[in-house]
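A short worksheet on the structure shown next.
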Protein chains: 2
Amino acid sequence: MGRVTAYTPGQVAEETGFSLDTLRYYERIGLLEPIERNAAGQRRFSDGDVGWLGMIRCLRDTGMSIAEMLRFAELTREGEHTIRDRIALLAAHDRAVEDQIAALRQKQGAIQRKIQYYRDVLAIPDALYACEDERAS
Amino acid sequence: MGRVTAYTPGQVAEETGFSLDTLRYYERIGLLEPIERNAAGQRRFSDGDVGWLGMIRCLRDTGMSIAEMLRFAELTREGEHTIRDRIALLAAHDRAVEDQIAALRQKQGAIQRKIQYYRDVLAIPDALYACEDERAS
DNA sequence: GTGGCACCTGGAGTCGGCTCCAGGTCAAGC
DNA sequence: GCTTGACCTGGAGCCGACTCCAGGTGCCAC
């Protein structure tokens, strides 16, 4: 206990919810920087890697494209002087998420009204369709 | 004025925001039932078609897959006796949208905390990075 | 010492959802 | 009567984001 933690691909997949293939894919395209290897050439993820993957998941799940995440990764790699750019990028994304939520709420309203419309149709003492109901087994 | 309204593909594209290709695609796969044609074989959309496209847009924009929309279209074509099923489908989707919004809000919180973290880093009287800043052109 | 397992690689394949294209038809305006 | 523009068709192509595969390595348990 207490030594520097290193996670196997399997553990990371388990923890982050990304598949092994996706982890390798992300490394290939440069969304993850090259992961450390053990003597046998197998990946050993650091806490930092896992933390970064948490960020990636967050961005991905809020609809950021890989291209944009790559941009963010690039900024992060470039060092401290890009922090303002990173804030700008994240703030823009935050606004995009806000818009996304607002749009969802609005469309959800329409769906709920449609549900209510159907409920109303059912509620009408529907003599018109009664025969159809009777024909049904 | 006052005759049965019929919209050209261009008008429908304009009104619904779907491209001409997408409208044709939706008809091909059966998400729209076959659209009426004029003498020259060109599509003339009815108010009903445009209304249905509005529903489709709503479902699509809230993340419903085409497969699921096809299921809904099928139910709708089958007639009045599927109304309960349609309510069930839409209610399930409504819940899915709710979950989606909740997830977005949660991830958005994480993003905002990250932004705050970066702001805090900038706020620190950063003697450590001052030299770097000075070296920069 | 042999089986099983977790991992490795490069490259090809898949899937959803469009989007584009070539070649053709009509109607209207000049 | 010819151009222009909006439309038509079937089919191919594209894009993003993975996902799968064949063939191979290293280690541990039995």
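Proteins get letters first, then strands, A, B, ... in listed order; numbering begins at 1 in each.
Atoms CG (B:Leu20) and P (D:dC7) sit 6 Å apart, rounded to a whole Å. For the pair B:Arg44 CZ and D:dA6 P, the interatomic distance rounds to 13 Å; values are reported in whole Å. What separates OH of A:Tyr26 from C1' of D:dT19 is a distance of 12 Å, to the nearest Å. Atoms CG (B:Leu23) and P (C:dC18) sit 11 Å apart, rounded to a whole Å. Remark: C1' of D:dA12 and OH of B:Tyr25 are 15 Å apart, rounded to the nearest angstrom. In this structure, the CG atom of B:Asp21 is 12 Å from the C1' atom of D:dT9, given to the nearest Å. Protein atom CZ of B:Arg24 is 12 Å distant from nucleotide atom P of C:dT19, rounded to whole Å. Distance A:Ile56 CD1 to D:dA17 P: 12 Å, rounded to the nearest Å.
Between D:dC7 and B:Thr8, a contact under 4.0 Å exists linking OP1 or OP2 to a side-chain N or O. A:Arg28 has no side-chain polar atom (N or O) that falls below the 4.0 Å cut-off from OP1 or OP2 of D:dA17. An OP1 or OP2 oxygen of D:dT9 is reached within less than 4.0 angstrom by a side-chain nitrogen or oxygen of B:Arg37.
Ion pairing of A:Glu78 with A:Arg84 is absent here, as no side-chain N (NZ or NE/NH1/NH2) approaches a carboxylate O to less than 4.0 Å. The existence of a salt bridge linking B:Glu15 and B:Arg57 is excluded, since no basic side-chain nitrogen approaches an acidic carboxylate oxygen closer than 4.0 Å. Under the 4.0 Å criterion applied to side-chain N and carboxylate O atoms, A:Arg28 and A:Glu33 are not assigned as salt-bridge partners.
Remark on DNA chain C: of its neighbouring residues B:Ser65 and B:Ala39, the 5'-side contact belongs to B:Ser65, judged by nearest-heavy-atom nucleotide. Residue-to-nucleotide proximity on DNA chain D shows that, of B:Gly10 and A:Ala67, the 5′-proximal contact is made by B:Gly10.
Checked against the 6.0 Å centroid criterion, the rings of A:Trp52 and A:Phe72 qualify as a close aromatic pair.
Among the nucleotides C:dT19, D:dA17, C:dC7, the one closest to any side-chain atom of B:Ser19 is C:dT19. Of all nucleotides listed (C:dC18, D:dC7, D:dA17), D:dC7 comes nearest to the side chain of B:Gln42. You'll find that the side chain of B:Arg43 is closest to D:dC8, out of D:dC8, C:dG11, C:dC7.
Side chains of B:Asp49 and B:Tyr7: a donor-acceptor N/O pair is absent below 3.5 angstrom, by distance only.
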